[in-house]
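One structure is given below, encoded as structure tokens.
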Amino acid sequence: MKNYIKKYEDILTRMEKLGGKIPTTMSGFGALHKASMASGVISAKAKELIALGISIAANCEGCIAFHVHDALENGATSEEILETIGVAICMGGGPALVYGCEAMEALEQFKAVNN
């Protein structure tokens, strides 16, 4: 079983380290992320759920850790995250099913820490 909380923390640490080596790129990505994920016509919560669905379909475990965490931080419920997993499976087929299970595991781990 993967530890998504540790994965989330490890990636944050590595991104900070990478930022020291390529600060312009990381600063640009940070600005893009902040602007694109901010609430607008679409809420930040909905944007995190969209990003989670794409993360599952793209088979990105690190992205799954981040977007499950951030979806919860933006008020997503377990049910909303599970429905997002379902949509991702519909769009991504078998590989998305496997990564959807990973997203469910991440959800369970983050929820256990926050309860």
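These values consider heavy atoms only, across backbone and side chains, with no hydrogens, waters or symmetry-generated copies.
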| Taking C-beta and beyond as the side chain, do I85 and L107 meet within less than 4.5 Å on heavy atoms? | no
| What about I11 and I22, same hydrophobic cluster or not, with Ile/Leu/Val/Met/Phe/Trp/Tyr joined at side-chain heavy-atom distances under 4.5 Å? | yes
| said: I'd like to know whether CD of E108 has more than 12 heavy-atom contacts from other residues, nucleotides or ligands below 6.0 angstrom. | reply: yes
| query | So which heavy atom on A71 is nearest to which on I81, and how close? | reply | CB-CD1, 4.2 Å
| field | Reference residue Q109; test side chain to side chain contact (heavy atoms under 4.5 Å, CB included); the match among I5, N114, V68 | value | I5
| remark: From the list R14, K7, K6, salt bridge (charged side-chain N to carboxylate O under 4.0 Å, His left out) with D10 holds only for K6
| Just how far is it from atom CE of M15 to atom CG of L12, taken to the nearest 0.5 Å? | 5.5 Å
| message | Strictly by salt bridge (Lys or Arg N to Asp or Glu O under 4.0 Å), give each pair with a member in residues 91-106 just once, sequence neighbours left out. | response | K2-E102
| message | Please tell me whether L82 and I64 are part of a single hydrophobic cluster in this structure, the criterion being side-chain heavy atoms less than 4.5 Å apart. | response | yes
| Ring centroid separation Y8 to F66 under 6.0 Å | yes
| message | Using a 6.0 Å cut-off, check whether atom CE of M91 has over 12 heavy atoms from anything other than its own residue. | response | no
| said: Are Y4 and E61 packed together at the side-chain level, in the sense that at least one heavy-atom pair is separated by less than 4.5 angstrom? | reply: yes
What donor-acceptor contacts under 3.5 angstrom involve side-chain atoms of residues 35-57, with partners at least two apart or in another chain?
residue: S36; atom: OG; partner: L32; partner atom: O; Å: 2.9
residue: S36; atom: OG; partner: H33; partner atom: O; Å: 3.3
residue: S39; atom: OG; partner: A44; partner atom: N; Å: 2.9
residue: S43; atom: OG; partner: A46; partner atom: N; Å: 3.0
residue: K45; atom: NZ; partner: E80; partner atom: OE1; Å: 3.3
residue: K45; atom: NZ; partner: E80; partner atom: OE2; Å: 2.9
residue: K47; atom: NZ; partner: S36; partner atom: O; Å: 3.1
residue: K47; atom: NZ; partner: A38; partner atom: O; Å: 2.6
residue: E48; atom: OE1; partner: H67; partner atom: ND1; Å: 2.6
residue: S55; atom: OG; partner: A51; partner atom: O; Å: 2.7

| note | Residues at least two apart in sequence or cross-chain that pass side-chain contact (heavy atoms from CB on, under 4.5 Å) with L97, listed by chain then number, are I89
